[in-house]
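The block underneath contains the structure these notes are about, expressed in structure tokens.
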Amino acid sequence: MSEQWLDAGPVDDVGEEYPSSVVVAGKELALYRVGEEIYATDNLCTHGNARLCDGYLEGYEIECPLHQGRFDIRDGRALCAPLTTDVRTYPVKLVDGRISIGID
Ligand code: FES
């Protein structure tokens, strides 16, 4: 299936300190802001039943609120135990102050 770009709301809805969550095409995603850039990952942690939007963002690392595993939001890499599986990331485009997410 080919990728399609779907609207995920205004850029200004995503604060720098706290990630937010959004549902796009039936998938719950976490959105993160670092400076003028927005990053998107699956919201569910790959280790357990925790939402990354409730985690702590420091630089490009999101720390899961449940067991403090950390992912790099740029490529989804699992950076430390107890994580063993990367989280999926999604391409983001910013167009006229709105976020577009590439989903296939
Ligand atoms: Fe996220 Fe365990 S549920 S690190």
Side-chain angles (χ1 to χ4, degrees):
M1 207 194 298
S2 65
E3 185 175 76
Q4 50 181 325
W5 291 90
L6 298 174
D7 185 70
V11 174
D12 288 346
D13 279 6
V14 184
E16 284 224 45
E17 292 191 28
Y18 301 103
S20 53
S21 66
V22 67
V23 176
V24 178
K27 290 175 192 285
E28 189 176 330
L29 309 182
L31 299 177
Y32 316 88
R33 182 183 194 131
V34 180
E36 296 306 307
E37 298 296 324
I38 299 287
Y39 298 87
T41 69
D42 277 335
N43 199 14
L44 187 66
C45 182
T46 58
H47 178 250
N49 192 17
R51 298 164 82 222
L52 297 177
C53 69
D54 297 326
Y56 175 66
L57 182 66
E58 183 168 15
Y60 293 102
E61 296 181 11
I62 182 69
E63 183 180 87
C64 175
L66 197 52
H67 308 112
Q68 289 71 53
R70 283 182 283 113
F71 298 98
D72 188 317
I73 59 172
R74 294 169 292 187
D75 57 11
R77 239 172 346 123
L79 297 173
C80 65
L83 302 174
T84 56
T85 306
D86 298 345
V87 70
R88 184 171 175 191
T89 58
Y90 296 85
V92 173
K93 282 190 209 166
L94 305 182
V95 182
D96 297 331
R98 296 191 70 85
I99 301 164
S100 271
I101 307 277
I103 288 188
D104 53 23

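The residues of the chain are indexed from 1 along the displayed sequence.
- Checking side-chain atoms of Arg33 against main-chain N and O of Val11 turns up a donor-acceptor pair under 3.5 Å.
- Across all their heavy atoms, Asp13 and Ser20 have their closest contact at O-OG, 4.3 Å.
- With a 4.5 Å cut-off on side-chain heavy atoms, Arg88 and Thr46 do not count as touching.
- Two residues are said to be in side-chain contact when any heavy atoms from C-beta on lie closer than 4.5 Å; Leu94 and Ile99 meet this criterion.
- Following chains of ILVMFWY side-chain contacts shorter than 4.5 Å, one cannot reach Leu57 starting from Leu31, and the two form parts of different hydrophobic clusters.
- For Glu16, the CD atom sits in a packed shell: over 12 heavy atoms of surrounding residues, nucleotides or ligands are nearer than 6.0 Å.
- No side-chain heavy atom of Leu44 sits under 4.5 Å from any side-chain heavy atom of Leu52.
- Cluster membership check: Ile73 does not share its hydrophobic cluster with Val92, using side-chain heavy-atom separations under 4.5 Å among Ile, Leu, Val, Met, Phe, Trp and Tyr.
- Taking the side chain as every heavy atom from C-beta outward, Asp42 and Leu29 approach each other to under 4.5 Å.
- The closest donor-acceptor contact from the side chain of Thr41 to the backbone of Val87 lies at 3.5 Å or more, if one exists at all.
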Side-chain donor-acceptor contacts of residues 62-71 below 3.5 Å, not counting sequence neighbours, with atom names and distances?
{"residue": "His67", "atom": "ND1", "partner": "His47", "partner atom": "ND1", "Å": "3.1"}
{"residue": "Gln68", "atom": "NE2", "partner": "Pro65", "partner atom": "O", "Å": "3.3"}
{"residue": "Arg70", "atom": "NH1", "partner": "Glu61", "partner atom": "OE1", "Å": "2.5"}

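- For residues 7-43, the ring pair (Phe, Tyr, Trp, His ring centres under 6.0 Å) pairs, not counting sequence neighbours, are Tyr39-Tyr60.
- Closest heavy-atom contact between Leu83 and Ala78: CB-CB, 3.7 Å.
- When the shell of 6.0 Å around CZ of Arg77 is examined, it contains 12 or fewer heavy atoms from other residues, nucleotides or ligands.
- Judged by distance alone, with hydrogens and angles left aside, the side-chain atoms of Asp86 form no donor-acceptor pair with the main-chain N or O of Asp75 at under 3.5 Å.
- Cluster annotation: Val24 and Trp5 are assigned to distinct hydrophobic clusters (Ile/Leu/Val/Met/Phe/Trp/Tyr, side-chain heavy-atom contacts under 4.5 Å, transitive).
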